[in-house]
Amino acid sequence: MSWSQTAFWVVTPYLTLILLVGGLIWRHRYDKFGWTTRSSELYESRLLRIASPLFHFGLLFVLLGHLFGLVIPESWTDAAGIGESLYHVSALVVGGVAGVCTLGGIALLIYRRRTTGPVFLATTANDKMMYVVLVAAIVAGLATTLLSAAFQAHDYRQTVAPWFRGIFVLQPDAAAMARAPWTYRLHTLVGMALIALFPFTRLVHAFAAPIGYVFRPYLVYRSRGAGGRQAVRTPRSGWDR
């Protein structure tokens, strides 16, 4: 195993995880009030109502696809009756549609941010860097999915997936990852860069989903008087208690 394989596929994943976990802890401790999307809906909402759901729901299916493809071994899908061809067709259809929706949503969000004056003025250099890395990860992933599923030139479940699972048992298979095509390696490197930047950008709001809202107690409202009308108090003299 060469030094470059060790650096890219053994050292870099753990540096990424350290930056992710350490960054989240630092951000929560020292920047609680900045843990937000810095919503700009007040300035423009027409495009946002289209772009935001398109991006978020597309991204959700992209993440589920990555989880299914990288975490579940090939032997499990074979045992469940999901053959090679069915798996690749499903990856092409679901992954392609989800990737296109995610890319279309982020394109609309960037267009809105660039063409809406107040929103553009609120865009920081940090935001611009985040958009560049995010778009690069989406484009690389979409291209890899379409090329791989369409031509079946490579099965990432024999290279990328074992390397990914090995990270969490402290045995990343760098040699397997090195056998993957350069498109997979590029997508993986850009993905790790995005994960490392995650805690230091507005993307951190993904870890602040209002899950507690679903389980909060009900708020009971009642009128201040009988019949749903405000009660009228009888006036008293100033010296009465």
Side-chain angles (χ1 to χ4, degrees), residues 8-9 12-13 16 20 37 47-74 77 82-115 123 127-165 167 176-198 201-206:
F8 284 130
W9 313 122
T12 304
T16 302
L20 175 64
T37 61
L47 275 176
L48 187 63
R49 284 197 297 265
I50 301 173
S52 182
L54 191 65
F55 170 73
H56 286 92
F57 282 109
L59 185 61
L60 176 62
F61 280 96
V62 167
L63 293 176
L64 290 176
H66 280 71
L67 182 66
F68 182 83
L70 296 176
V71 175
I72 299 178
E74 185 177 0
T77 57
I82 303 176
E84 187 79 13
S85 57
L86 177 59
Y87 182 89
H88 283 290
V89 169
S90 301
L92 175 62
V93 174
V94 178
V97 172
V100 169
C101 290
T102 307
L103 185 60
I106 194 65
L108 285 176
L109 288 173
I110 294 175
Y111 172 81
R112 169 184 175 271
R113 184 164 292 276
R114 184 62 183 85
T115 57
T123 304
D127 293 331
K128 295 176 182 178
M129 177 183 62
M130 179 269 295
Y131 278 118
V132 169
V133 179
L134 180 59
V135 170
I138 295 171
V139 170
L142 181 59
T144 301
T145 298
L146 295 178
L147 291 173
S148 175
F151 300 103
Q152 297 187 11
H154 179 76
D155 189 356
Y156 65 88
R157 293 182 296 173
Q158 298 177 1
T159 54
V160 183
W163 166 80
F164 179 80
R165 293 193 296 268
I167 293 174
M177 190 63 191
R179 294 195 303 269
W182 69 270
T183 53
Y184 285 92
R185 286 177 279 155
L186 176 63
H187 177 49
T188 303
L189 290 174
V190 176
M192 287 193 290
L194 181 63
I195 293 172
L197 291 173
F198 210 97
T201 66
R202 66 172 64 212
L203 293 175
V204 74
H205 76 275

I110 and V135: CA distance, side-chain angles, deciding distance, side-chain contact (heavy atoms from CB on, under 4.5 Å) verdict: CA-CA 10 Å; I110 294 175; V135 170; 3.7 Å; yes

How long is the span from the OH atom in Y131 to the CD1 atom in I106, to the nearest 0.5 Å? 5.5 Å

T183 and H187: side-chain contact (heavy atoms from CB on, under 4.5 Å), yes or no, with the steps? CA-CA 6 Å; T183 53; H187 177 49; over 6 Å; no

Closest heavy-atom pair and its distance - T16, A196: CG2-N, 3.9 Å

Under the ring-ring contact (aromatic ring centres under 6.0 Å, His included) test, residues paired with F198 that sit two or more places apart: F207

Flag, side chain of R202 to backbone of D127, donor-acceptor distance under 3.5 Å: no

Applying salt bridge (charged side-chain N to carboxylate O under 4.0 Å, His left out), which residue pairs with at least one partner in residues 104-113 are found, sequence neighbours left out? E44-R112

Give a yes or no answer on whether the side chain of S52 reaches the backbone of L48 with a donor-acceptor pair at less than 3.5 Å. no

Between T159 and M177, is any pair of side-chain heavy atoms under 4.5 Å apart? no

Side chains of F164 and V71: does their closest heavy-atom pair fall under 4.5 Å? yes

Kindly compute the distance separating CZ (R114) from OG1 (T123), expressed to the nearest 0.5 Å. 9.0 Å

Hey, are the side chains of W163 and T188 touching, using non-hydrogen atoms and a 4.5 Å cut-off? yes

Ignoring hydrogens, what is the shortest heavy-atom contact between L54 and G105? Give both atom names and the distance. CD2-N, 3.7 Å

Would V160 and L70 count as a side-chain contact (heavy atoms from CB on, under 4.5 Å) if you check the C-alpha gap in whole Å, the side-chain angles of each, and the deciding distance to 0.1 Å? CA-CA 7 Å; V160 183; L70 296 176; 3.9 Å; yes

Mind checking what makes side chain to side chain contact (heavy atoms under 4.5 Å, CB included) contact with V94, not counting sequence neighbours? none

Say you draw a straight line from CG of L142 to CD1 of I138; how long is it, rounded to the nearest 0.5 Å? 9.0 Å

With sequence neighbours left out, the residues meeting side chain to side chain contact (heavy atoms under 4.5 Å, CB included) with R165 are P73, A161, P162

Nearest heavy-atom contact between P13 and I167 is CB-CD1, 3.7 Å

Show your working on side-chain contact (heavy atoms from CB on, under 4.5 Å) between W9 and R185 and close with a plain yes or no. CA-CA 9 Å; W9 313 122; R185 286 177 279 155; 3.5 Å; yes

Checking T77 now: which residues fulfil side chain to side chain contact (heavy atoms under 4.5 Å, CB included) with it, not counting sequence neighbours? F68, I72, E74, I82, R157

Hey, what do you get for CG (L203) to CG (L194), rounding to the nearest 0.5 Å? 6.0 Å

Taking all non-hydrogen atoms of both residues, which atom of Y87 and which atom of G69 are closest, and how far apart? OH-CA, 3.3 Å

Go through the structure and list residues passing side chain to side chain contact (heavy atoms under 4.5 Å, CB included) with L59, not counting sequence neighbours. F55, L63, T102

Under 3.5 Å, side chain of H56 to main-chain N/O of P53, donor-acceptor pair present? no

Rounded to the nearest 0.5 Å, the OG1 atom of T115 sits from the OH atom of Y111 at a distance of 4.5 Å

